[in-house]
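Written out below as structure tokens is the structure these notes cover.
Indexing begins at 1, ligand by ligand and atom by atom, following the structure's order.
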Amino acid sequence: MNSATHSGTHGHVQVKSLDVALGKGASRFTAVRQLSVDIPAGQFVCILGPSGCGKSTLLGAVAGHLPAAAGEILLDGETVHGPAPERGLVFQQHTLFPWKRVVDNVAFGLKMRGVAPAARKRQALDLLELVGLKGFAHRYPAELSGGMQQRVEIARVLINRPRVLLMDEPFGALDAQTRAHMQALLLDVWTELRTTVVFVTHDVDEALFLGDRVLVMSQRPGRILEDIQVPFPRPRRAALLTDYAFVHLKRHCRELMRDGYQGGPLQPFSRPAASAAALAD
Ligand code: ADP
Ligand code: MG
């Protein structure tokens, strides 16, 4: 795979009948079972589910950190075997080098690939501008706020021009205001780059605000309970969160996620009138 050929047509993720097992010996168990999903290039997909349902396990398998016990994962038709920069992963905690300046942290992936200093610095500065940190290139990570550190982390991953950006609760440690700001920034970045994004969260608001599509996962072993096409137009603004249709869909997602729910009859989201009729019965 040649990163120079990267374009918006790359980033097609296929997960086929995937099982992922965790633990060793007698305590080994299946954390993700028979999970299949097809994610077209450029789509923004959120994986939503209660804590412990297997979201990180699924993302770890797509990243290539966890092997498939059954089934397979393909990126642009090629089977995933192990981690690669084309599948960039962002966690809740950043992985920046504390002793390197921001610009050198962002440029690090290019340094590893042997890109010349001037070229990698230029690309790093461009990405820092994209994430709103133009004036902070020469700071050290410890001199930045948590939200700014996560912006550097995103730039650090994006410099590898990943075909798919994998994000595991990346804003989970931030305060509510910073988190909302980061969500808006991520949408701006995605609008600019159109990289496929697979974003894991247990926060319904976050999933519905960000995603083109939300995959709701069941309790362990994780499988997909519902594949929701999010109908809200873009660009999305904070006012969307109090919109009637948003709140209605949010309630539906919460029902899906409620404790102990293992699938079975629920009013489908697309038929709010039907649920009103059911209440009247
Ligand atoms: P989520 O990200 O949805 O909160 P995870 O994918 O981290 O869930 O974990 C799924 C389940 O597997 C949880 O019950 C968790 O406790 C368990 N688990 C996670 N990692 C390991 C591991 N390395 N060994 C054993 N069990 C694990
Ligand atoms: Mg997790």
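- Proximity of Q34 to D19: side-chain heavy atoms (C-beta onward) are separated by under 4.5 Å at one or more points.
- In this model, no donor atom of one side chain and acceptor atom of the other lie less than 3.5 Å apart for D243 and H248.
- At a heavy-atom distance under 4.0 Å, no atom of H202 approaches ligand 1.
- Separating the NE2 atom in H81 from the CD atom in E72 is a distance of 8.0 Å, to the nearest 0.5 Å.
- A heavy-atom distance below 4.5 Å is found between the side chains of C253 and L208.
- Polar contact check, F29 against ligand 1: no nitrogen or oxygen pair lies under 3.5 Å apart.
- Residue-ligand proximity: G49 is placed with every non-hydrogen atom at 4.0 Å or more from ligand 1.
- Residues T201 and E169 have side chains that never bring a donor and an acceptor to within less than 3.5 angstrom of each other.
- Of the N and O atoms on the side chains of E86 and H10, not one donor lies less than 3.5 Å from an acceptor on the other residue.
- Less than 4.0 angstrom separates atom 15 (C) of ligand 1 from none of the non-hydrogen atoms of the protein.
- Interatomic distance, NZ of K55 versus CG of L48, reported as 7.5 Å (0.5 Å rounding).
- Cation-pi geometry between R156 and F97 is not met at under 6.0 angstrom from the ring centre and within 45 degrees of the axis.
- Looking at every heavy atom in both residues, S36 comes nearest to S17 through OG-N, 2.8 Å.
- Checking only distances, G52 does come within under 3.5 Å of ligand 1, N or O to N or O.
- Residue-and-atom listing of protein N/O/S atoms under 2.8 Å from the Mg ion (ligand 2), sorted by chain and number: S56 OG.
- Against a heavy-atom cut-off of under 4.0 Å, L22 is close to the following atoms of ligand 1: 12 (O), 18 (N), 19 (C), 20 (N), 21 (C), 27 (C).
- For the atom pair OG of S218 and CG of L256, the computed distance is 10.5 Å after rounding to the nearest 0.5 Å.
- Between G54 and ligand 1, at least one N/O pair is under 3.5 Å apart.
- The protein heavy atom nearest to atom 7 (O) of ligand 1 is S56 CB, 3.7 Å.
- Counting heavy atoms from C-beta on, the side chains of D212 and W190 come closer than 4.5 Å.
- Residue T57 has at least one heavy-atom neighbour below 4.0 Å for each of these atoms of ligand 1: 5 (P), 6 (O), 9 (O), 10 (C).
- Protein non-hydrogen atoms do not reach within 4.0 Å of atom 23 (N) of ligand 1.
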